[in-house]
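Okay, structure first, notes after.
Chain letters run A, B, ... following the sequence lines, proteins first and then strands; every chain starts at 1.
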Protein chains: 2
Amino acid sequence: MRDVARASGVSQATVSFVLNETANQTIPDATRERVRRAAAELGYVPHSIARALREGASRIVVLEAGGLPRGNSLESFIAGLDAELALAGHSLLVSYGSSAAAIEAVSPRAVIDLPAVYASPDREVADGGWIDGMAAHTLTQIGHLAGRGHRKIAVAVPAGPDPLFALMAGHVRSAAQELRLPPPETVLVDDRPDQLRALLDAGITAVAGLHDDAALGVLAALSDLGLRAPDDLAVIGFDDTPQGALWRPRLTSVRIDARAYGRRTARQVLGLPVGDATPAPAQVIVRDSA
Amino acid sequence: MRDVARASGVSQATVSFVLNETANQTIPDATRERVRRAAAELGYVPHSIARALREGASRIVVLEAGGLPRGNSLESFIAGLDAELALAGHSLLVSYGSSAAAIEAVSPRAVIDLPAVYASPDREVADGGWIDGMAAHTLTQIGHLAGRGHRKIAVAVPAGPDPLFALMAGHVRSAAQELRLPPPETVLVDDRPDQLRALLDAGITAVAGLHDDAALGVLAALSDLGLRAPDDLAVIGFDDTPQGALWRPRLTSVRIDARAYGRRTARQVLGLPVGDATPAPAQVIVRDSA
DNA sequence: GAGGCTTACTTATACGTATTAGTTAGCCGG
DNA sequence: CCGGCTAACTAATACGTATAAGTAAGCCTC
């Protein structure tokens with residue numbers, strides 16, 4: 001910046017004013033042009049660390065994603081976030097795991113802590129309405145099964161703790177209530193068939209997976225029993241991962257407009273008006289399994 | 001730091017020396033102790049942006065992962081990287097997409113550009129021997145098929161461009177040569193069965209997937225033809241993703257000690273001796289499909 | 001007892017920016 | 001022709017750190 005100042009015959013302060021288009025500064029267009037040209041010729045690029053030191057935060061947003069299921073929607077969410085942040089001159093960095101140190105080290109403008117959001121959804125966190133949307137998406141999922149006449153529905157959750165579980169379990173209950181279905185049982189499903197057998201014996205005719213992997217586990221167990229979706233049991237996933245389409249029978253799943261949620265989240269954390277980026281409603285991708 | 005200096009009755013410089021354990025600095029233990037105590041009491045935490053400004057780089061390593069297949073090994077690679085970097089006081093941030101801006105914005109100590117490594121493997125890039133290892137891993141994969149008596153082998157690659165493709169294709173050819181097999185054909189596989197039909201008609205008895213998703217596509221197409229692995233066609237994947245174990249028949253795959261490669265990469269980019277973290281050889285996870 | 005070496009520090013500076021608080025020149029109104 | 005106002009700038013400072021360069025005192029040696 002000092003070099004640019006020297007080259008264009010003004011002070012470093014003036015250069016800063018021009019390049020940042022600082023408000024309330026009376027600088028004639030001729031000077032502005034001179035400064036810009038010099039900056040371009042010298043290949044000036046702002047030193048973001050220095051700027052961060054001055055401003056107290058860098059133009060970075062950190063997404064905390066440790067322990068989150070890597071699915072289609074996380075990927076799209078990230079893409080949307082990234083794109084929208086880029087529009088505002090910011091950029092996204094994703095942290096897995098040792099977040100505290102990483103955040104300490106970058107002084108980001110904002111941190112989006114998705115696992116924390118999942119853990120306590122009532123907290124006021126910028127997520128572009130992601131959490132709120134989940135309720136509707138779950139309703140879409142369960143509604144698809146109900147629409148096909150299923151009344152006794154179970155929910156498949158993976159073995160081991162899952163950050164989504166508590167949140168989704170509540171939504172599933174609400175959805176069932178709204179659809180006037182009996183409250184669904186929640187069953188732990190890895191790919192062993194015994195649990196599934198018990199379910200079938202209890203008269204369950206459809207299973208909704210917490211996410212596609214859980215649903216695929218059900219399909220696998222079903223196959224091990226010599227049975228097949230959708231006739232012996234309807235199975236629907238959540239989040240439409242590519243692997244779902246590769247199974248046979250192909251997995252029916254719910255696709256979420258996660259990209260739009262990402263965009264909204266970006267605008268929200270930067271304090272911009274969220275505007276018109278309304279996410280499309282969740283969409284059931286009907287394939288073979290339900 | 002100034003507060004700590006005041007509280008312990010020394011200058012800011014001395015505080016810096018003590019807390020950073022700067023070499024060639026003669027400071028008696030009594031003073032050191034006083035400074036440390038004051039820092040602890042005041043809750044001093046280094047301002048990493050200021051440090052980055054001074055040092056010219058922050059204690060961050062950026063992993064560029066845009067467009068990479070999200071598989072088991074990427075996840076493990078990241079975990080290993082993260083863990084080892086944390087040991088050295090650094091932290092990992094992952095960038096998808098708009099990397100240039102992000103890198104500009106954090107001034108990382110190092111950037112690990114995996115897509116670039118894939119694109120031009122001869123370049124000297126710190127990757128912990130990842131690329132070099134690939135050759136051996138491919139040999140393991142093809143070797144498993146050869147060991148089961150297969151001689152006419154094809155390689156399945158996904159439709160669309162894939163960053164791994166060029167690299168792996170070469171390795172597959174070398175592996176075949178070493179195993180005295182005829183050079184494998186490379187076939188584009190999405191999950192439509194017609195291409196696979198042609199392959200079978202040509203006498204191919206085994207297919208190796210570029211990664212598990214490619215292999216799953218083959219299994220799907222095979223199922224669509226009313227055939228089944230491993231009897232009608234042996235199928236082996238690469239990278240042992242969780243979804244492979246959920247297929248029926250279960251996908252045989254190759255598991256790589258990506259975590260160790262991550263650790264090595266970390267030490268390498270920080271300029272530390274790589275030491276004893278030798279990755280375990282790739283391991284064939286034998287399931288049903290090959 | 002002067003010169004040199006070591007210990008235990010301190011002072012000062014630089015990193016690159018954004019912004020506040022001036023400063024100078026020109027113009028206008030009375 | 002003087003006071004005040006505006007335009008068009010500039011000078012100076014602060015952000016928090018790491019480190020080179022200095023300094024004062026004490027000790028050792030010849």
Subject >> The single option from Val35(A), Val18(A), Thr22(A) passing side chain to side chain contact (heavy atoms under 4.5 Å, CB included) against Ile27(A) >> reply: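 The single option meeting the side chain to side chain contact (heavy atoms under 4.5 Å, CB included) with Ile27(A) is Val18(A).
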**OP:** For Ser73(A) and Ser76(A), run side chain to side chain donor-acceptor pair (under 3.5 Å): C-alpha distance rounded to whole Å, both residues' side-chain angles, the deciding distance at 0.1 Å, then the answer.
**Re:** CA-CA 5 Å; Ser73(A) 60; Ser76(A) 303; over 6 Å; no
To the nearest 0.5 Å, tell me how far [X] [atom1] sits from [Y] [atom2].
X         : Y         : atom1 : atom2 : result
Asp213(A) : Gln243(B) : CG    : CD    : 4.5 Å
Leu63(B)  : Leu93(A)  : CG    : CG    : 10.0 Å
Ser253(B) : His211(B) : OG    : NE2   : 11.0 Å

Euclidean distance, atom [atom1] of residue [X] to atom [atom2] of [N] [Å, nearest integer]:
X        : N       : atom1 : atom2 : result
Ile27(B) : dT6(C)  : CD1   : C1'   : 14 Å
Phe17(B) : dT7(C)  : CZ    : C1'   : 14 Å
His47(A) : dC15(D) : NE2   : C1'   : 14 Å
Arg2(B)  : dT10(C) : CZ    : P     : 15 Å
Leu42(B) : dG16(D) : CG    : C1'   : 15 Å
Asn24(A) : dA7(D)  : CG    : P     : 11 Å
Ile49(B) : dA18(C) : CD1   : P     : 14 Å
Met1(A)  : dT10(D) : CE    : C1'   : 15 Å

Original post:
Can you find a donor-acceptor N/O pair under 3.5 angstrom joining the side chain of Thr26(B) to the base of dA8(C)?
Top reply: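 When only heavy-atom distances are counted, Thr26(B) does reach the base of dA8(C) through a donor-acceptor pair under 3.5 Å.
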[X], nearest nucleotide to its side chain (from [options]):
X        : options                   : answer
Arg54(A) : dA12(C), dT7(C), dT17(C)  : dT17(C)
Ala13(A) : dT10(D), dG16(C), dT17(C) : dT10(D)
Gln12(A) : dA18(D), dT17(C), dA20(D) : dT17(C)
Val10(B) : dT10(C), dA18(C), dC15(C) : dT10(C)
Leu53(B) : dC15(C), dT10(C), dT17(C) : dC15(C)

Original post:
Which comes earlier along DNA chain D counting from the 5' end, the contact point of Pro46(B) or that of Gln25(A), where each point is its nearest nucleotide?
Top reply: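 It is Gln25(A), whose closest nucleotide lies nearer the 5' terminus.
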Original post:
In terms of ring plane angle, is the pair Phe238(A) and His137(A) parallel, tilted or perpendicular, where the classes change at 30° and 60°?
Top reply: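 The arrangement is tilted - the two ring planes meet at 30° to 60°.
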Subject >> Global bending angle along the helix from dG1(C)-dC30(D) to dG30(C)-dC1(D), which compares the axes of five pairs at either end, to 10 degrees >> reply: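 One end axis against the other gives 60°.
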Original post:
Considering heavy-atom distances to DNA chain C, does Asn20(A) or Gly9(B) have its closest nucleotide positioned more toward the 5' end?
Top reply: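 The residue mapped nearer the 5' terminus is Gly9(B).
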**OP:** Might you point out which heavy atoms bring Pro108(B) and Val61(B) nearest each other, and give the distance in Å?
**Re:**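 Nearest pair, atom of Pro108(B) first, then Val61(B): CB-CA, 4.5 Å.
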Original post:
Heavy atoms under 4.0 Å, any strand shown: does Thr31(A) hit a base, just sugar-phosphate, or nothing?
Top reply: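 Contact class for Thr31(A): sugar-phosphate only.
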Original post:
Should Thr14(A) be listed as having a side-chain N or O under 4.0 Å from OP1 or OP2 of dA8(D)?
Top reply: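 Checking dA8(D) against Thr14(A), no side-chain N or O comes under 4.0 Å of OP1 or OP2.
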**OP:** Would you indicate, yes or no, if dA18(C) has its OP1 or OP2 atom less than 4.0 angstrom from a side-chain nitrogen or oxygen of Ser16(A)?
**Re:**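 For dA18(C), OP1/OP2 do have a side-chain N/O of Ser16(A) under 4.0 Å.
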**OP:** For Asp82(A) and Ile78(A), indicate whether the former's side chain and the latter's backbone hold a donor-acceptor pair under 3.5 Å.
**Re:**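 No, the answer is negative, given that no donor and acceptor are paired below the 3.5 Å cut-off.
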